[in-house]
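Please read the structure below before turning to the comments.
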Amino acid sequence: MPNPASLPPLWLRDNCGCADCRDPRNGQKLFQITDLPEGLAVAAENPAAVDGAPGWEVRWTPDGHVSRYAESWLAADVQQSTGTGQGTGRGGDQRTEDAKTLWRAADLTAPGSLPTAAWADYRADPAVRLRTLDAVGRLGFALLTGVPADDGQVTRVAETFGYVRETNYGRIFEVRIEENPSNLAFTGERITPHTDNPYRDPVPTLQLLHCLVNSAEGGDSGLVDGFAAAALLREEDPAAFETLTRIPVPFRFADTSGGGAEVTAHRPLIGTDPRGRIREIRFNNRSIGTLRLPADDTRAFYTAYRAFARLLLRPELQLDFRLAPGDCLIFDNTRLLHARTAFASSGGRHLQGCYADLDGLFSTAAVLRRGVLDQLADLFAEQGSAEYFGEDVTQAQHMLQAGALAQAEGAPPALVAAAVLHDLGHFHGEVTGHDLMEGTDNRHSHTGADWLAQWFGPAVTEPVRLHVAAKRYLCAVEPGYFALLSPASVHTLAVQGGPMTPAEAEQFAAHPYGADAVRLRRWDEAAKDPQALTPGFAHFRPLLAELLAPGGTASLGVGAVA
Ligand code: OGA
Ligand code: ZN
Ligand code: ZN
């Protein structure tokens with residue numbers, strides 16, 4: 001655990017959270033970096049409780065200012081700044097390959113692996129909304145089904161998470177066969193994998209395509225993960241990769257009809273961040289203009305361009321599907337390439353599209369995440385303040401203590417979260433904890449895990465699901481464990497089925513989350529100390545926020561021990 005004096009003083013002081021340094025109403029900094037005195041250094045540091053959890057109080061020299069830092073905050077930061085230095089968590093850049101799950105077609109063809117949601121559920125359920133938006137962030141796309149096939153509906157979809165980006169194509173563009181097409185998209189021609197509007201700077205970072213009619217022969221859709229393709233190019237042909245990140249390409253679009261438009265942008269096909277991580281793909285064979293570069297660069301570019309284009313056409317990279325009326329595809333236009341097969345002019349095919357931006361989508365997801373954390377905080381404050389059946393601590397204290405014990409042991413974040421949340425099922429089941437004491441098994445481990453599964457992945461939910469079974473397991477396999485149980489816990493053990501049989505214990509030990517559940521169980525037993533220093537819920541908020549990535553793992557069902 002780092003102590004403050006070992007950290008860069010200007011950085012540490014810049015992150016002081018006291019009311020003199022940050023406006024408590026909005027969290028914004030109230031000082032200039034130039035206001036900090038020359039020769040700033042830690043004069044004294046003393047252990048101090050911050051939000052009820054271990055931390056440090058720092059006195060600064062030469063100005064005598066006092067700051068407080070939670071130890072978990074200091075530790076989180078050290079984690080972020082190691083490794084690639086980029087930080088893959090939500091604190092890092094959400095746009096680079098480090099924050100993404102790269103895929104090939106085969107990764108998404110198994111049943112249930114396509115990120116899809118029904119429009120009605122998306123609208124009604126914030127958990128479905130968050131999962132959908134997270135899928136766009138992590139996989140690059142999501143498919144909404146059952147979106148009414150009405151004129152202009154696509155903008156209403158965009159408005160659920162952000163702002164429509166109007167362009168020279170209008171607020172909405174019509175993708176259907178036009179008499180006088182300003183773009184090949186508005187014909188029946190095949191369109192190979194591309195990103196839209198590469199000639200715009202900034203480029204629209206999101207695209208939506210909403211299917212109104214699709215009864216023509218042909219017109220099937222394809223998606224390619226451009227980050228996965230670029231990563232493959234880097235592996236197979238590093239020189240080509242380097243060339244495509246280095247050489248700016250003139251993209252151009254001109255519409256000579258009506259009001260007309262002439263848009264140009266000079267950007268490389270593969271955009272990287274300052275650390276060289278893949279961050280943006282622009283690829284559109286239709287709109288690459290004339291390069292005017294030294295001949296060696298031009299030669300290198302064309303060799304690399306062809307290598308990347310060939311790679312993008314590999315069938316194993318392209319996810320093929322067919323849009324049905326009511327389907328609305330939302331995708332990251334800086335990462336995914338989209339394609340369609342040619343279609344006949346008879347029969348009818350009509351999509352409506354619009355553009356929007358990722359920053360709005362990420363913001364909406366972050367606000368949804370904050371809502372979940374507020375809801376959890378309320379549960380701890382309200383229902384959690386109730387007595388914990390027969391123990392000397394409240395339910396909230398019990399769970400927070402379990403989390404603190406997990407953290408003190410250096411458990412991974414998901415297991416700390418499981419410890420903090422393990423008894424939430426007492427709040428949610430139809431059968432209450434009081435019924436449990438009166439002899440009805442409320443299966444709180446299962447109701448809790450099921451409720452948490454809408455927000456958290458299996459590394460959080462499954463130890464919760466198994467924490468009652470873990471007690472039955474430990475009583476069966478560990479001599480002396482039973483003697484550790486509190487009287488209330490002995491009472492509930494009987495209601496929950498008593499110690500496991502040898503066959504049950506064997507099955508439990510083989511479970512992928514069995515060992516985690518056993519660790520959780522030991523903290524559970526110990527977290528009943530009325531004298532213990534107990535951190536508040538706020539202490540665990542950042543850790544929980546990092547784990548609220550439900551689309552990633554929640555759909556991977558993990559069987560539980562019955
Ligand atoms: C577009 C486009 C794909 C399709 O309009 O940008 O690529 O399925 N359309 O018609
Ligand atoms: Zn397109
Ligand atoms: Zn417990």
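Order of appearance sets the numbers: ligands from 1, and atoms from 1 within every ligand.
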Checklist line | Which N, O or S atom of Asp524 lies nearest to the Zn ion (ligand 3), by name | finding: OD1
Check: Just checking, any donor-acceptor pair under 3.5 angstrom between side chains of Asp357 and Thr205?
Finding: yes
Note to self: Between the Zn ion (ligand 2) and His194, which N, O or S atom of the residue is the nearest one?
What the structure shows: NE2
Next item on the list: Could you tell me the residue and atom name of the protein heavy atom closest to atom 8 (O) of ligand 1, and the distance to it rounded to 0.1 Å?
Entry: Arg349 NH2, 2.8 Å
Note to self: Only N/O/S atoms count here: what is the atom of His398 closest to the Zn ion (ligand 3) called?
What the structure shows: NE2
Checklist line | Ligand-residue contact atoms, ligand 1 with Leu351, heavy atoms, under 4.0 Å | finding: 4 (C), 8 (O), 10 (O)
Checklist line | Atoms of ligand 1 close to Gln207 [distance to a heavy atom under 4.0 angstrom, numbered from 1] | finding: 6 (O)
Next item on the list: Starting at OG1 of Thr116, measure out to CG of Leu329 and round the result to the nearest 0.5 Å.
Entry: 10.0 Å
Next item on the list: Give a yes or no on whether the ring-centroid distance for Tyr169 and Phe253 is below 6.0 angstrom.
Entry: yes
Next item on the list: Answer side chain, backbone, both or neither: which part of Leu323 comes under 4.0 Å from ligand 1, heavy atoms only.
Entry: neither
Check: Nearest protein heavy-atom contact for atom 6 (O) of ligand 1: which residue, which atom, what distance?
Finding: Asp196 OD2, 2.8 Å
Check: When you check the gap from the basic side-chain N to the acidic O, do Glu478 and Arg521 get nearer than 4.0 Å?
Finding: no
Margin query: What I want to find out is whether Glu462 reaches Arg465 closely enough, with some N-O distance under 4.0 Å, to be called a salt bridge.
Written below: yes
Next item on the list: May I ask you to check whether Asn285 and His194 show a side-chain donor-acceptor distance below 3.5 Å?
Entry: no
Notebook entry, point to check: Going by the atom numbers of ligand 1, which of them fall below 4.0 Å from some non-hydrogen atom of Ala185?
Noted result: 1 (C), 5 (O)
Checklist line | Which of the ligand 1 atoms, numbered from 1, are nearer than 4.0 Å to a heavy atom of His194 | finding: 6 (O), 7 (O)
Item checked: Ring centers of Tyr473, Tyr481 separated by less than 6.0 Å -> no
Check: Name of the Asp423 N, O or S atom nearest the Zn ion (ligand 3)?
Finding: OD2
Margin query: If the cut-off is 2.8 Å, does any N/O/S atom of His467 fall short of it from the Zn ion (ligand 3)?
Written below: no
Next item on the list: Salt-bridge test for Arg335 and Asp225: reply yes if a basic N is under 4.0 Å from a carboxylate O, no otherwise.
Entry: yes
Checklist line | the Zn ion (ligand 2) - closest N/O/S atom in Asp196 | finding: OD1
Checklist line | Side chains of Asn333 and Tyr355, donor plus acceptor under 3.5 Å | finding: no
Checklist line | Residue, atom name and distance, where the atom is the protein heavy atom closest to atom 5 (O) of ligand 1 | finding: Val175 CG2, 3.4 Å
Next item on the list: Would you mind running through ligand 1 and noting each atom that sits below 4.0 Å from a heavy atom of His338?
Entry: 1 (C), 2 (C), 6 (O), 7 (O)
Check: In His338, which N, O or S atom comes closest to the Zn ion (ligand 2)?
Finding: NE2
Check: Is the His422 ring parallel, tilted or perpendicular to the His398 ring (thresholds 30°, 60°)?
Finding: perpendicular
